[in-house]
2 protein chains.
Amino acid sequence: MIGLNADLLDRFSAIVGARHALRDQADQHAFLEEPRDRYHGKTAIVLRPKSTAEVQQILQLAHDTRTAIVPQGGNTGLVGGQIPDGSGLQVVLSLTRLNAIRAIDPISNTIDVEAGVTLQRVRETAEAADRLFALSLASEGSCTIGGNIGTNAGGTSTIAYGNMRDLVLGLEVVLADGSLWRDMRHLRKDNTGYDFRGLFVGSEGTLGIVTAAVLKLYPRPRSTATAFAAVRDPAAALALLQIAQADSRAALVAFELIPRLGMELAVKHDLGSRDPLATAYPWYVLLELTSGAESGLNTVLEELLGDGMEQGLIEDAALASSMEQAKALWRPRESMSEVQGREGGSIKHDVSIPVADVAAFIAEATAAVEAFLPDARVLPFGHVGDGNIHFNISQPAGGDKDAFLAHWEDVNAIVHDIVARYHGSISAEHGIGQSKLSLLPQVKDKVAMQMMYATKQMLDPKGILNPGKLLL
Amino acid sequence: MIGLNADLLDRFSAIVGARHALRDQADQHAFLEEPRDRYHGKTAIVLRPKSTAEVQQILQLAHDTRTAIVPQGGNTGLVGGQIPDGSGLQVVLSLTRLNAIRAIDPISNTIDVEAGVTLQRVRETAEAADRLFALSLASEGSCTIGGNIGTNAGGTSTIAYGNMRDLVLGLEVVLADGSLWRDMRHLRKDNTGYDFRGLFVGSEGTLGIVTAAVLKLYPRPRSTATAFAAVRDPAAALALLQIAQADSRAALVAFELIPRLGMELAVKHDLGSRDPLATAYPWYVLLELTSGAESGLNTVLEELLGDGMEQGLIEDAALASSMEQAKALWRPRESMSEVQGREGGSIKHDVSIPVADVAAFIAEATAAVEAFLPDARVLPFGHVGDGNIHFNISQPAGGDKDAFLAHWEDVNAIVHDIVARYHGSISAEHGIGQSKLSLLPQVKDKVAMQMMYATKQMLDPKGILNPGKLLL
């Protein structure tokens, strides 16, 4: 390791221009602090290239000098993947100035965008062309396409359209030595050789730096219908899911589970959240349909809810009759993370299991956690239609936050053990980053780990791409 | 290379049992001849293992002795990927006895199947559980899931559900050294480490032997509506496609283009094919919708056709009012390959281009081929909704077949050159196999080729997995 002497910093700086090479701590602030304030790092320089060619030059120099590169998009990641370590020896490579929308083709249903374009801008550009870009995240105003690709972002509408990996048709990636793998395909069918796209998507910047992508678009829905339904338990929610998925007159674009405690905390801590129903119920489902038809969708949703009631699955329901009402139904769901924070400490899990096992998993994991911490308040919520549960646990009411959070690892172990028995995943959406680095080898098949190490060795033999993330 | 001496053959034979180790030429016949009779090979032994463990033992022995292994499914591939070379030194590994359906979970929408299960059996098993397995191919009665995975099979319904790669949730793969990568996930979201699934899918048996997979299921459609519409030209077909895709009251599951010549040859050579329309038109589109609703779909299709006529896109149309009529509408499309054979020689291309460029591509490639061979009859047809055109050229009427076929390579060069200008693919569905082995390095980016070679070296350092296929 040569280390970051002044001469090397000057050479990096010369590539992007001094204005875009941030060496002052004051300027670096926004690149080193992340949303939950859990990961802290230092860097001698933050580089902000404007073009793929500049990224290539940076990587060539980094490769020659064995300098570690930490790629960063909108800096919204929750597992510390985009934050350098504390050594000061890692260079932060911010891609946000690579922000051109290169092309949009509504007939082929494709959009070509650079890594630094925000998700929201991609969605808006697609909408202006009467198309849908289907990924949707709470952080879409600031997260970038490059970050979405690096982390294989999920979100609420994956039930209908898949994860980011399913939405990528083509990629442009700068490899560790600065060479460019240009695979900006606009094709729906192409069987010419090995397909590396899925490997780069979700590799958290450890195999290459994504500089641009061709993304899939869909026709823009013409109408949306949203409902909030009270159900007895998660098993009833799953049965309702079956009904909703079988009716293909509309696309089921969201199917979210919320427990009573979640609603209580939302109403308590978030002024904008109201309980849509007059009576309290143990569980709720927030569901949303979209359609290419201008009208008639509320009738479809009413029939669906009617079927659910007839089969004894729904206790009560509210259907939005305006955009504003739809927003009000979403509000408690969207405030779920925030209101937990206001209630004190929470121990969190981002897990997924086969959809059919969701109810059994929630029951078993809840019982296990309550046996270990009788006063803790289990609050499992999220994308039940994908089997993706944010299995969070709020501290005992009025208890000591730090004392509760001291159980983090023990509770993780209890929950992840049950996840493993259900052949689930300990990181459904957020990735490994720094957060689950040591857990990965415990949950991953040995042959898979060997393949991962071999792949890393193949594509980044000097280990300069985001070291200390994903793979130990 | 140790070569296949009798002792080695005995050791291979002992793994599967002598009954399932075919050494007689008479028994090997079905494994060495392929549908179009274009590829011929020899082998000393065809091994038919019954379990993943037996496949592991075979690979361990092959690895120890540097014996080449040619995996084979239903032997329906069109590019020679499943046929050994002429040396007699390559062992054929037939997976058809690995034919268990291990599990089906209609709630999670997954089915676990072994590699040797036929596509048709997967579809039927899904249907019995009120679900759809969405891949559909002409050869589904004999092709196997392992082959579908190895070749990333496409077919007619990819417009709605994607290719095989999009339908694979989990994989079980025996690696070159006999070790087992078990990744039989049933999860819709899982961000724990590198995703190798997409890399193995479509790798034509050169990176590992797929022994089982978890496949995605969809709700079973309750109704289907099929129509046959005459259009002025491919541009009108594309405009109609836009209308059909925007209407999400139903899923557009097929959108196939047929030129007048195709209809003429079908009516001439296939007793079962009739022209559904009274007048001749230059081009046709066969389109099919499905829905989760029991009824009302024909009305949706009628409205869609009405819109198309109003906008001047459709000249005339026939709508099926029964299953039988729907089959009759499909018949000319399905006989397309066969009737071309009866008309004499044809020079074939399996290409894809961005959907928006299909009309321009067909015009340009047709003009170029006609300029080179004025009497040849261009017959482009196929999955226009995916940009996948089977750009075939029939010999001049009454001309000499061999004289025409002697132009194969020249015509390929003309067509593929235009494909390259449209950033298309020279193998949309069928793969590389032996057929396009020498073409691949010409059309593929150099960095991509290097990554392919490095990956092959990483996963199969001794080069025993399907040598002479896909990668030179």
Side-chain angles (χ1 to χ4, degrees), chain A residues 105 107-108 151-152 154 158 163 179-183 186-199 202-203 219 221 238 242 245-249 251 291-293 352 354-356 386-388 423-432 440 443-445 447-448 451-452 454-455 458, chain B residues 105 107-108 151-152 154 158 163 179-183 186-199 202-203 219 221 238 242 245-249 251 291-293 352 354-356 386-388 423-432 440 443-445 447-448 451-452 454-455 458:
Chain A
D105 175 350
I107 296 176
S108 303
T151 59
N152 185 29
T158 58
N163 301 297
S179 61
L180 186 66
W181 174 54
R182 207 168 182 285
D183 192 43
H186 297 74
L187 306 174
R188 302 286 161 162
K189 288 185 175 175
D190 180 16
N191 280 338
T192 52
Y194 302 156
D195 190 332
F196 293 102
R197 291 171 302 172
L199 181 61
S203 64
L238 282 180
Q242 301 305 302
Q245 286 187 316
D247 190 338
S248 71
R249 286 175 298 173
S291 164
S352 73
V355 175
D386 302 309
N388 177 194
H423 305 288
S425 167
I426 62 159
S427 183
E429 297 194 303
H430 300 160
I432 301 299
L440 187 64
V443 299
K444 208 80 183 168
D445 174 74
V447 175
M451 277 169 49
M452 285 179 62
T455 302
M458 170 178 92
Chain B
D105 176 350
I107 295 176
S108 303
T151 59
N152 184 31
T158 58
N163 300 298
S179 62
L180 186 66
W181 174 53
R182 207 170 183 285
D183 192 43
H186 297 75
L187 306 174
R188 301 286 163 164
K189 288 184 175 177
D190 180 17
N191 280 338
T192 53
Y194 302 155
D195 190 331
F196 293 102
R197 291 171 300 172
L199 181 60
S203 65
L238 283 180
Q242 301 304 301
Q245 286 188 316
D247 190 339
S248 70
R249 286 175 298 173
S291 164
S352 73
V355 175
D386 302 309
N388 178 193
H423 305 289
S425 167
I426 60 158
S427 183
E429 297 193 303
H430 300 162
I432 301 298
L440 188 64
V443 299
K444 209 81 182 168
D445 174 77
V447 174
M451 278 168 49
M452 286 178 60
T455 302
M458 169 179 95

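Numbers restart at 1 for each chain; the letters A, B, ... are given by sequence-line order, proteins then strands.
Contacts of B:Leu199 with chain A are made by both backbone and side-chain atoms, with heavy-atom separations under 4.5 Å. Using a 4.5 Å cut-off between heavy atoms, B:Met452 touches chain A through backbone and side chain atoms alike. Proximity to chain A is limited to the side chain of B:Asn388, based on heavy atoms less than 4.5 angstrom apart. Interface remark: B:Gln242 contributes side-chain atoms only to the contact with chain A (heavy atom separation under 4.5 Å). Only the side chain of A:Leu440 comes within less than 4.5 Å of a heavy atom of chain B; its backbone N, CA, C and O stay farther away. Of the atoms belonging to B:Asp445, it is side-chain heavy atoms, and not backbone ones, that fall under 4.5 Å from chain A.
For A:Thr158, the side chain to side chain contact (heavy atoms under 4.5 Å, CB included) partners at least two apart in sequence or on another chain are A:Asn163, A:Asp386, B:Lys189. The salt bridge (Lys or Arg N to Asp or Glu O under 4.0 Å) test applied to B:Asp105 returns no partner, not counting sequence neighbours.
When every heavy atom of B:Ala246 is checked against every heavy atom of A:Pro219, the shortest pair comes out as CA-CB, 4.0 Å. Of all the heavy atoms in A:Ser108 and B:Ala356, the pair that sits closest is OG-N, 2.8 Å.
Using a distance-only test at 3.5 Å, with no hydrogens or angles considered, no donor-acceptor pair links the side chain of A:Thr192 to the main chain of B:Ser427. Distance alone, capped at 3.5 Å, is enough to place a donor-acceptor pair between the A:Asn191 side chain and the B:Asn152 backbone. In this structure, the side chain of A:Asp183 does not engage the main chain of B:Ala448 through any donor-acceptor pair within 3.5 Å.
Put simply, the side chain of B:Pro354 reaches to within 4.5 Å of the side chain of A:Leu187, judged on heavy atoms. Inter-residue side-chain proximity for B:Thr455 and A:Met458 is flagged as met; some heavy-atom pair is nearer than 4.5 Å.
Going from atom CG of B:Asp190 over to atom CD1 of A:Ile426 covers 9.0 Å, rounded to the nearest 0.5 Å.
Interface summary for chain B: among A:His423, A:Glu429, A:His186, the most heavy-atom pairs under 4.5 angstrom belong to A:Glu429. Note on A:Ala428, A:Ser203, A:Ser179, A:Gly424: by heavy-atom pairs under 4.5 Å with chain B, the leading option is A:Ala428. Chain B forms the most heavy-atom pairs under 4.5 Å with one residue out of A:Ala454, A:Ser352, A:Gly202, A:Gly387, and that residue is A:Ser352.
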